[in-house]
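What follows is a single structure, written as structure tokens, with notes after it.
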Amino acid sequence: MTIQPIDNHSVALYLTGEELRQYGVSPATLTLEEARAMTREACGQAGIALSGGVEIEAYPEKNGVMLFVYGRETPPPRPIPRRPMRKQRVRRYST
């Protein structure tokens with residue numbers, strides 16, 4: 001199993017056919033749920049935290065499968081709302 005971090009929330013993961021057979025699947029029969037479980041396990045072993053939901057792109061081939069895993073970033077906290085602007089006089093110009 002080869003895992004390569006792409007950025008803080010994404011990784012590339014390559015699983016060989018032998019590693020997939022340990023899970024009882026092949027590149028052609030790999031389901032999304034199985035890919036998600038393998039990704040969580042691999043990232044946990046590597047110490048990479050994928051919080052929240054993930055998006056997985058799978059590219060199966062004859063000898064294995066390449067997974068690109070994109071974690072969703074948690075949105076930043078909402079800023080403190082500002083007070084409403086005071087009503088100001090509107091200047092009207094006559095022509």
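Predicted, not measured: the structure shown is a model, and the values here were computed from it. Just so it is clear, the values below take in all heavy atoms, side chains as well, and ignore hydrogens, waters and symmetry mates.
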Item to complete: Start with the C-alpha gap between Arg40 and Val54, add the side-chain angles, then the distance that decides, and say whether side-chain contact (heavy atoms from CB on, under 4.5 Å) holds.
Response: CA-CA 10 Å; Arg40 295 267 184 215; Val54 295; 4.0 Å; yes

Worksheet item: Should Tyr59 and Glu61 be marked as a side chain to side chain donor-acceptor pair (under 3.5 Å) after you check the CA-CA gap, both sets of side-chain angles, and the distance that decides it?
Response: CA-CA 7 Å; Tyr59 298 94; Glu61 58 179 32; over 6 Å; no

Worksheet entry | Worked verdict on Tyr23 versus Glu34 for side-chain contact (heavy atoms from CB on, under 4.5 Å) | CA-CA 9 Å; Tyr23 291 98; Glu34 293 164 337; over 6 Å; no

Practice prompt. Starting from the C-alpha separation in whole Å, work towards a yes-or-no answer on side-chain contact (heavy atoms from CB on, under 4.5 Å) for Ile3 and Tyr14.
Written response: CA-CA 7 Å; Ile3 187 166; Tyr14 183 77; over 6 Å; no

Item to complete: Begin with the C-alpha distance, continue with both residues' side-chain angles, and end with the deciding distance and a verdict on side-chain contact (heavy atoms from CB on, under 4.5 Å) for Thr39 and Arg36.
Response: CA-CA 5 Å; Thr39 300; Arg36 186 178 296 130; 5.7 Å; no

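Side-chain contact check for Leu13 versus Thr2: every heavy-atom pair is 4.5 Å or farther apart. Side-chain contact between Met38 and Glu41 is absent, with no heavy-atom pair separated by less than 4.5 Å.
In terms of the side-chain hydrogen bond (donor to acceptor under 3.5 Å, both in side chains) criterion, residue partners of Thr16 (sequence neighbours excluded) are, by chain and number, Glu19. Qualifying side-chain hydrogen bond (donor to acceptor under 3.5 Å, both in side chains) partners for Ser10, counting only residues two or more places apart in sequence or in other chains: Asp7.
Put simply, CG on Leu30 and CD on Glu33 are 10.0 Å apart, with the number rounded to the nearest 0.5 Å.
Counting only distance, with no hydrogens or angles, the side chain of Gln45 and the backbone of Ala42 share no donor-acceptor pair below 3.5 Å.
Note on Leu20: it clusters hydrophobically with Ile56, by side-chain heavy-atom contacts below 4.5 Å among ILVMFWY residues. In the hydrophobic cluster analysis, where Ile, Leu, Val, Met, Phe, Trp and Tyr join through side-chain heavy atoms closer than 4.5 angstrom, Leu15 is grouped together with Leu32.
Of all heavy-atom pairs between Val11 and Cys43, the closest is CG2-SG, 4.0 Å. When all heavy atoms of Leu67 and Ala58 are compared, the closest pair comes out as CD2-CB, 3.5 Å. Shown here for Pro27 and Pro60, the closest heavy-atom pair between the two residues is O-CB, 3.4 Å.
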